[in-house]
Amino acid sequence: SYLTLCQVFDQLQSTKSRNCHLNILTNFLHILMKHDPDSLIPVAYMSTNTIGPPYLKSDLGVGSNIISKALNRCFGVSSTRLKELYAQHGDIGDVAYASFRQPASIFKRSPLSITKVYQTLLRISETQGSGSQNAKLDYILNLVSNAKHDEIRYLFRSFVLNLRTGAMTNTILTALARASILFLHLEAEFEPAENALKECYFRRPSFTDIIPLLVDFGPFSLTDNCPLALHVPLKPMLGANTKDVSQMLSLLKNHEASFTCEYKYDGQRAQIHLDAQGNVSIFSRNLDNMTAKYPDIISEILKAKSPSTESFIVEGEIVAYDGSDINTFQVLSSRKRANVSLDSITVGVSLFLFDIMYLNGSSLLNQPLRSRRDLLKGSLDVVPGKIELVQSIDATADDEDLVYEFFQESVKSKCEGIMVKVLDTVDVRMAGRAPLLATYEPNKRLESWMKVKKDYVLEADTLDVVPIGCWHGNGRKARWWSPILLAVYDPEEDKFVAVCKCMSGFTDAFYQELADKYAIGSDNISTQPISDQVYTPLQPSYYWKPQEVWEIKFGDITVSPLYTAGSALVDGTDRGLSIRFPRFIRKRADKGITDASTVDFLVDLYKKQ
DNA sequence: CCTGCCTGCCC
DNA sequence: ATTCTGC
DNA sequence: GCAGAATGGGCAGGCAGG
């Protein structure tokens, strides 16, 4: 029953030990395999805050608005009371649990089953069009009115797909593999079974496809039973972060590897499937189907493919491109997403390819990058300005100057930096050293792919900003202020002008310091603006007295529809500036608040980009 | 039909 | 996306 | 080092309400 599942969630939440999480889930899934196999797939999806595989539509369209209405209708919680409770708990499930009242209904309640809850979530997701908000609300009310008190917390958390149990996809996969070993009484160690299941899932991320095969035939036959498939996206391989070119090179020096360096374009990652009938699917980094967004890419792919190419899965970066220049990520974002037709395209794009994972019926995942790259080149013909290969050079760790120069060029060409990829698997003869794999490893972040991004490097520009306000944190940050509103200084007007919120880079110890310093009741904080020197278009829950300076790092300066900093100084627009990827670096105790970065400085940084 | 809020998803 | 935390 | 969690700017799409 759903109550049992909620008890499992409670147990998971009560400990942070990963071993405990695994034991709890392994036992539970084992029991389901024996007594309630129909609930396995729903449990796998719900436990991982999803309702289906990522490449199918899987959002609920339920947010704070509908939740607020539901809490009001179910338990009579007013919106003022909701705000209070939310500030206190920082979790919608905890708020619902605290608000629970036995419904006065004379109708007999029927206990919730796992499949009933899951089916209802699916129906909520399918509900759309005029009146859909009320229809979704009705589904929610139906579940809530039949729920026991202990089910309320996780029901509401599932409505917003944020369970916060501490166990997600990797834990579920591990536990599923272990449970299948126990269930099938296989004479096998857990670890190879876990690896077999994960390998399968990462190249075919569908519990719907995998779980029935796992339960019937065990994890080891998945390699044959559940192979890479066209129009089912695999999880992309990821790159490890490095600090700068020299740190990256010193990592590779240990292995004496030869590698390729590629421009890291600032666009959207795309995985493109072509089948023998000429059907093309395009998937995003998170495996959303975005085929409808790029009819121009589809038509160019069909033109570019070599006569000998029947089918493939290739990967690249789609970049906004106006025929001669690469445009910013922000320009790409403004492109239409649904029902795009070839004659209605307003933002031109170019595709820069860098990998191929499947060709003419065969998986290439186990081929080294050097071979894959050759096959990629042979599988299609470049169409200049439409479909090209990423800009790249091959190098070894001795070529520091060459690589550094290439990195600088990439930044000048409006890229984020470079990707560095090992071309051939390094034969490991030295004991204790992990192999450096040149194969395509879905979902893995290995040292055989490394990122060097311009904003990671030490010389990257930073801003000195003044904190001017905050909100209540959620979840694990519920006891602290998060995010925090930051401002730059406008000396002309003698004002601190909001420029972005920030929630990254703070340690727990620093959060505690802030909680003490900006405690409610102190002179440092108020629900009303404390200082007439503060200007913000965005109203924080609490205003802070401007009194300290923090250094922050960022990816880019963006033109903002919301923030007004520098608005008079940005050409051709009345919009201000803001910050992409802001994160806290350190306090600047040596600076007074009027020594903070000025609006002019921000505008200069923007113009320099 | 238009506007503004909400939501999900790209980075 | 970035970053921190516990295991 | 893995796995999970919190949440940044900013966009289109979609719904509600005038």
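Each chain gets a letter, A, B and so on, in the order its sequence line appears, and its residues count up from 1.
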Please list each protein N or O that sits under 3.5 Å from an N or O in nucleotides 5-7 of chain C, with the distance.
from  : atom 1 : to       : atom 2 : distance (Å)
C:dT5 : OP1    : A:Asp508 : N      : 2.8
C:dG6 : N2     : A:Arg18  : NH1    : 2.7
C:dC7 : O2     : A:Arg18  : NH1    : 3.4

Non-neighbouring partners of [X] that pass side-chain contact (heavy atoms from CB on, under 4.5 Å), sequence neighbours left out:
| X | result |
| --- | --- |
| A:Ala478 | none |
| A:Thr536 | A:Ile468, A:Leu485, A:Ala498, A:Val534, A:Leu538, A:Pro540, A:Tyr543 |
| A:Asp266 | A:Phe329, A:Glu416, A:Asp556, A:Arg580 |

Can you measure [X] atom [atom1] to [N] atom [atom2] for me and round it to whole angstrom units?
| X | N | atom1 | atom2 | result |
| --- | --- | --- | --- | --- |
| A:Asp455 | C:dA1 | CG | P | 12 Å |
| A:Lys136 | B:dT7 | NZ | P | 10 Å |
| A:Lys553 | C:dT3 | NZ | C1' | 12 Å |
| A:Tyr511 | D:dT7 | OH | P | 7 Å |
| A:Asn286 | B:dC10 | CG | P | 5 Å |
| A:Phe283 | B:dC9 | CZ | C1' | 16 Å |
| A:Leu238 | D:dA3 | CG | P | 12 Å |
| A:Arg586 | C:dT2 | CZ | P | 21 Å |

Requested in this report: Spell out, as yes or no, whether a donor-acceptor pair under 3.5 Å connects the side chain of A:Lys136 to the backbone of A:Leu60.
Outcome: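 It does hold such a pair.
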Which residues pass the side-chain hydrogen bond (donor to acceptor under 3.5 Å, both in side chains) test with [X], not counting sequence neighbours?
| X | answer |
| --- | --- |
| A:Asn27 | none |
| A:Ser281 | A:His231 |
| A:Arg164 | A:Asp91 |
| A:Thr171 | none |

With sugar-phosphate meaning primed atoms plus P, OP1 and OP2, does [X] contact a base, only sugar-phosphate, or nothing at under 4.0 Å between heavy atoms?
| X | value |
| --- | --- |
| A:Phe510 | nothing |
| A:Gly555 | nothing |
| A:Thr165 | sugar-phosphate |
| A:Lys453 | sugar-phosphate |

Which of the following nucleotides, [options], is nearest to the side chain of [X]?
| X | options | answer |
| --- | --- | --- |
| A:Arg269 | B:dC10, C:dT2, B:dC11 | B:dC11 |
| A:Lys198 | D:dA5, C:dT2, D:dA3 | D:dA3 |
| A:Glu416 | D:dA3, B:dC11, D:dT7 | B:dC11 |

**Report entry** CA sep, side-chain torsions, deciding dist, call: A:Asp94, A:Arg157, side chain to side chain contact (heavy atoms under 4.5 Å, CB included)
**Finding:** CA-CA 9 Å; A:Asp94 292 355; A:Arg157 287 187 188 176; 2.9 Å; yes
Query - Pairwise P distance for B:dG4 and C:dT5, with rounding to whole Å - result: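 Here B:dG4 and C:dT5 have their P atoms 41 Å from each other.
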Requested in this report: Just grab all the salt bridge (charged side-chain N to carboxylate O under 4.0 Å, His left out) pairs involving residues 465-474 of chain A, residues at least two apart or on different chains.
Outcome: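 Sorted pair list comes back empty.
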Query - Pair listing, salt bridge (charged side-chain N to carboxylate O under 4.0 Å, His left out) test, anchored in residues 473-484 of chain A, at least two apart - result: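 For residues 473-484 of chain A, and leaving out neighbouring residues, the salt bridge (charged side-chain N to carboxylate O under 4.0 Å, His left out) pairs sorted by first residue read A:Arg476-A:Asp508.
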Atom pairs, N/O to N/O, protein against nucleotides 1-5 of chain B, distance under 3.5 Å?
none

Query - side-chain N/O A:Asn474 vs D:dT7 OP1/OP2, d < 4.0 Å - result: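 A:Asn474 to D:dT7 OP1/OP2: side-chain N or O found under 4.0 Å.
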Query raised in the report: A:Lys444 side chain N/O closer than 4.0 Å to the phosphate oxygens (OP1, OP2) of D:dG1?
Result: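 Checking D:dG1 against A:Lys444, no side-chain N or O comes under 4.0 Å of OP1 or OP2.
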Query raised in the report: Distance only, no hydrogens: is a donor on one side chain within 3.5 Å (strictly under) of an acceptor on the other, for A:Asn241 and A:Tyr456?
Result: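 Indeed, the side chains of A:Asn241 and A:Tyr456 share at least one donor-acceptor pair under 3.5 Å.
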Requested in this report: May I ask you to test the A:Thr291-A:Val280 pair for a side-chain heavy-atom distance under 4.5 Å?
Outcome: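 A:Thr291 does not reach A:Val280 side chain to side chain.
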**Report entry** nucleotides 9-18 of chain D: protein proximity per nucleotide (B base, S sugar-phosphate only, - neither; heavy atom, under 4.0 Å)
**Finding:** BSBBS-SS--
